[in-house]
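Below is one structure; the comments refer to it alone.
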Amino acid sequence: MNRQDPEGSIAGAAKAYSNWGRWGEDDRLGTLNFLTADKRREGAALVRRGVSFSLSQSFDMNGPQKGWRRRTNPVHTMLDTGTDAALGAQGFPHGIGGADDVIAMPLQCSTQWDGLGHIFDHGKAWNGRPAERVVTSDGDLVTGIEHMAPHVAGRGVLLDVGRVIGTDGELPDGFAITEDHLTATAEAHQVTVGRGDIVLVRTGQLARARREGWGDYAGGDAPGLSFTTAGWLHSSEIAAIATDTWGFEVRPNEFDHAFQPLHQVAIPNIGLLIGEMWDLDALAEDCARDGVHAFWLTAAPLPITGAVGSPVNPIAVK
């Protein structure tokens with residue numbers, strides 16, 4: 001990896017780790033193809049205690065967004081309220097009343113998945129398709145997030161790198177998580193990571209943001225995966241990966257004059273489903289107590305036709 005040559009490093013990794021054509025020219029799922037029926041049965045068999053954890057942050061006005069590229073926090077508005085019902089303003093018969101509401105938000109303002117149409121590499125979308133023919137003003141016409149909605153459920157694995165490698169359960173901003181860190185964490189947890197798994201990487205940054213304030217959580221410096229993990233992301237054949245940070249990869253990025261280079265390899269070339277801003281803290285505490293870091297995980301995106309990302313409320317069950 002040449003810090004002064006992001007273009008060359010990205011091109012080399014894209015060529016070495018490309019999955020283009022692996023599942024046919026019409027593929028819309030990328031690495032989710034690794035999440036088979038057998039893998040789902042394996043994940044379901046992990047449920048022992050029946051305890052469940054929501055891995056989602058809240059969707060409200062108190063979120064971390066600052067307006068970067070017009071990303072804002074959710075705006076929740078009531079259309080009908082109990083006040084309307086009590087005053088008889090709703091016009092319904094025999095005393096019935098109700099409440100109704102609406103929410104306006106970017107699809108990637110809180111806990112979310114990056115779809116395969118989210119990132120391009122030199123004008124190419126997932127599977128080598130021309131980006132201009134995939135995502136238009138009408139949305140993602142080929143790999144819209146709705147195609148993934150039935151599939152994201154299986155064996156989840158937590159790699160609490162913050163707890164194993166960090167100090168007091170947290171990694172500092174700018175810490176690049178390497179393959180060695182991921183492997184050492186898996187060994188410390190006595191858990192395997194492999195084909196079809198949904199991997200969750202906890203850095204501890206979200207816990208720090210909640211303690212100290214959002215600051216630049218949405219887009220600023222952060223611990224995250226090193227660009228050098230591209231080979232591991234490809235060779236491990238995981239189905240998806242998610243972190244408790246805004247951008248998944250380490251920030252500042254490891255190259256001069258670069259922006260999210262690992263995204264550029266992982267999404268359009270590997271076909272990897274990436275999750276960001278997941279709340280892994282309660283799950284991590286439970287895993288630390290009982291020593292079990294594998295569980296049933298369901299994390300279906302909303303089937304929003306043509307969307308390149310989606311909010312999600314992931315549920316881990318142990």
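Nearest heavy-atom pair, Gln264 versus Asp121, reported as atom, atom and distance to 0.1 Å: NE2-OD1, 2.9 Å. Closest non-hydrogen pair, Gln57 versus Met277, comes out as NE2-O, 3.1 Å. The two residues Gly24 and Asn127 have their closest heavy-atom pair at O-ND2, 2.9 Å. In terms of heavy atoms, Asp279 sits closest to Leu206 at CA-CD2, 3.6 Å. Nearest approach of Ala218 to Gln65, heavy atoms of both residues: CB-OE1, 4.0 Å.
Side-chain contact annotation: Gln205 with Asp244, donor-acceptor N/O pair under 3.5 Å absent.
Taking SG of Cys287 as the reference point, atom CG of Leu158 lies at 5.0 Å (rounded to 0.5 Å). Interatomic distance, His189 NE2 to Asp160 CG, rounded to the nearest 0.5 Å: 5.0 Å. Interatomic distance, His122 NE2 to Asn269 CG, rounded to the nearest 0.5 Å: 10.5 Å.
Among Asp173, Asp216, Asp221, the one residue that satisfies the salt bridge (charged side-chain N to carboxylate O under 4.0 Å, His left out) test with Arg208 is Asp173. Tested against Ile165 for a side chain to side chain contact (heavy atoms under 4.5 Å, CB included), the candidates Leu171, Leu159, Thr178 yield a single pass: Leu171.
Side chain of Thr31 to main chain of Ala239: a donor-acceptor pair is present (N/O by atom type, distance under 3.5 Å, no hydrogens or angles).
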Step-by-step salt bridge (Lys or Arg N to Asp or Glu O under 4.0 Å) determination, Glu170 to Arg211: CA-CA 12 Å; Glu170 299 172 9; Arg211 184 176 65 248; 2.8 Å; yes

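Arg202 has no carboxylate O lying under 4.0 Å from a charged side-chain N of Glu285, or vice versa, which leaves the two without a salt bridge. A salt bridge does not link Asp27 with Arg22: every distance from a Lys NZ or Arg NE/NH1/NH2 to an Asp or Glu carboxylate oxygen is 4.0 Å or more.
In the hydrophobic clustering, Leu79 connects to Val102, either directly or through intervening members, whenever side-chain heavy atoms lie under 4.5 Å apart.
Two rings, from His181 and Phe175, have their centers less than 6.0 Å apart. No close placement of the Phe248 and Trp278 rings is indicated, their centers lying 6.0 Å or farther apart. Ring centroid separation for the pair Trp68 and Trp246 comes in under the 6.0 Å cut-off.
Legend: residues meeting side-chain hydrogen bond (donor to acceptor under 3.5 Å, both in side chains) with Glu179, ordered by chain and number and at least two apart, are absent.
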